[in-house]
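Throughout, protein chains are lettered first and strands after them, A, B, ... in sequence-line order, and every chain is numbered starting at 1. These values consider heavy atoms only, across backbone and side chains, with no hydrogens, waters or symmetry-generated copies.
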Protein chains: 2
Amino acid sequence: MSQDNAGVDLETSLGYLLKEASSALRAAMEEALRPFGMNVTRYACLELLAQRPGLSNSELARGAFVTRQSMNVLLQALEREGYVTRPAEAPVGKVLPTRLTPLGRRSLEKATAAVRSVEVRMLTGMTGTEQSEAFRLLRSMIRSLRDAG
Amino acid sequence: MSQDNAGVDLETSLGYLLKEASSALRAAMEEALRPFGMNVTRYACLELLAQRPGLSNSELARGAFVTRQSMNVLLQALEREGYVTRPAEAPVGKVLPTRLTPLGRRSLEKATAAVRSVEVRMLTGMTGTEQSEAFRLLRSMIRSLRDAG
DNA sequence: TGACTCATGTCAGCATTCTGACATAAGCTC
DNA sequence: GAGCTTATGTCAGAATGCTGACATGAGTCA
């Protein structure tokens with residue numbers, strides 16, 4: 001197993017495990033969303049808009065962990081397909097507040113159940129205390145990464 | 001804050017937080033690797049080969065969380081640039097065992113220090129016990145996701 | 001041996017996301 | 001107001017990763 005090397009040991013690296021968990025979660029979500037003709041980024045965008053109506057393109061991009069250019073492409077598609085609406089002109093500045101249409105809301109509701117079942121499955125076997133602890137530890141990692149970013 | 005909706009509350013979703021942590025880690029690693037002309041997938045491939053020489057294309061793909069088609073493209077580039085070698089013919093079956101060249105090893109060594117510093121930074125403020133706990137909890141999530149995948 | 005299943009390497013085409021660039025608007029300082 | 005910085009929306013091109021498909025080799029089982 002070549003234990004005595006100078007590199008990062010992937011078997012015991014928390015960063016590698018984090019990537020592995022995230023990859024498994026993403027795969028499970030993509031699979032769950034496929035029947036609805038949706039992918040993770042699309043779902044994240046709709047879910048963000050459901051919880052915080054009027055978010056701008058850039059805010060949605062940050063919330064879905066993609067660039068604002070990528071989110072712009074997605075929003076144009078969602079708008080064309082009638083899932084969201086944006087005013088033709090910015091009420092203030094350049095920011096275009098986006099909102100779900102009834103169609104978008106219906107589409108989201110169907111997908112939400114599937115996504116929630118994936119999250120429930122992921123938490124199987126963990127107590128409430130352990131879930132809180134996982135939450136706290138992940139928050140700590142995020143903060144540390146950002147601080148000296 | 002629209003608390004009383006039926007959707008997944010992103011503010012308290014462990015899945016969302018997992019994605020956020022993974023995204024922050026990836027961004028930090030890409031930034032750390034950029035000075036060396038490397039990205040995360042490239043680094044993961046070299047690191048895997050350093051720890052387990054002779055891995056095949058498919059095995060590397062699984063270890064780096066990409067498809068074997070993507071890894072194949074990467075390996076062809078790494079081979080062309082002289083970082084890895086593969087036999088012209090498979091010793092057994094179709095599997096082509098890949099190995100680092102001295103150039104590949106030197107390239108990896110320079111990047112490893114940068115990557116390790118990112119991981120150290122991420123773990124800042126966590127005790128050894130907490131790191132073990134994080135490891136255990138992530139493993140649990142991965143297992144649960146795979147089981148009914 | 002033959003049929004079946006599974007894993008592998010690889011090619012081609014497509015989808016998604018990114019980087020680079022530009023114009024514009026808001027806020028802040030002098 | 002003038003100048004600077006920052007943030008935004010958007011377009012264009014490039015990089016990256018994925019799905020689909022095919023041929024091939026190994027293992028299993030009747």
Treat each ILVMFWY residue as a node, draw an edge where side-chain heavy atoms are under 4.5 Å apart, and state whether [X] and [Y] are in one component.
{"X": "A:Val115", "Y": "A:Leu74", "value": "yes"}
{"X": "B:Val95", "Y": "B:Leu60", "value": "no"}
{"X": "B:Val84", "Y": "B:Val73", "value": "no"}

Rounded to whole angstrom units, what separation is found between the [atom1] atom of [X] and the [atom2] atom of [N]?
{"X": "A:Asn72", "N": "C:dA21", "atom1": "CG", "atom2": "P", "value": "19 Å"}
{"X": "A:Leu60", "N": "D:dT8", "atom1": "CG", "atom2": "P", "value": "11 Å"}
{"X": "A:Gln76", "N": "D:dG9", "atom1": "CD", "atom2": "C1'", "value": "9 Å"}
{"X": "A:Glu79", "N": "D:dT10", "atom1": "CD", "atom2": "C1'", "value": "13 Å"}
{"X": "B:Glu59", "N": "C:dA7", "atom1": "CD", "atom2": "C1'", "value": "11 Å"}
{"X": "A:Leu96", "N": "C:dA23", "atom1": "CG", "atom2": "P", "value": "19 Å"}
{"X": "B:Met71", "N": "D:dG17", "atom1": "CE", "atom2": "P", "value": "9 Å"}
{"X": "A:Arg62", "N": "D:dT6", "atom1": "CZ", "atom2": "P", "value": "15 Å"}

### Task
With sequence neighbours left out, write down each residue that passes ring pair (Phe, Tyr, Trp, His ring centres under 6.0 Å) with A:Tyr83, or none if nothing qualifies.
none
Using the test side-chain hydrogen bond (donor to acceptor under 3.5 Å, both in side chains), find all partners of [X] that sit at least two apart in sequence or belong to another chain.
{"X": "A:Thr12", "answer": "none"}
{"X": "B:Ser58", "answer": "none"}
{"X": "A:Arg26", "answer": "none"}

### Query
With the threshold set at 4.0 Å, does a side-chain nitrogen-carboxylate oxygen contact exist between A:Arg136 and A:Glu133?
yes
### Task
Indicate, yes or no, whether a donor-acceptor pair under 3.5 Å links the base of D:dG13 to the side chain of A:Gln69.
no
### Message
Checking the side chain of B:Ser107 only, and the main-chain atoms of B:Leu103 only, is there a donor and an acceptor separated by less than 3.5 Å?
### Response
no
### Task
Pick base, sugar-phosphate or nothing for A:Arg34, based on heavy-atom distances below 4.0 Å to the nucleic acid.
nothing
### Task
Assign B:Arg42 to base, sugar-phosphate, or nothing according to its heavy-atom contacts below 4.0 angstrom with the strands shown.
nothing
Return the polar atom pairs (N/O with N/O) between nucleotides 13-17 of chain C and the protein under 3.5 Å, or none.
residue : atom : partner : partner atom : Å
C:dT17  : OP1  : A:Thr41 : OG1          : 2.7

Taking N or O atoms only and anything under 3.5 Å, show me the protein contacts with nucleotides 22-25 of chain D, one pair per line.
residue : atom : partner : partner atom : Å
D:dA23  : N3   : B:Lys94 : NZ           : 3.3

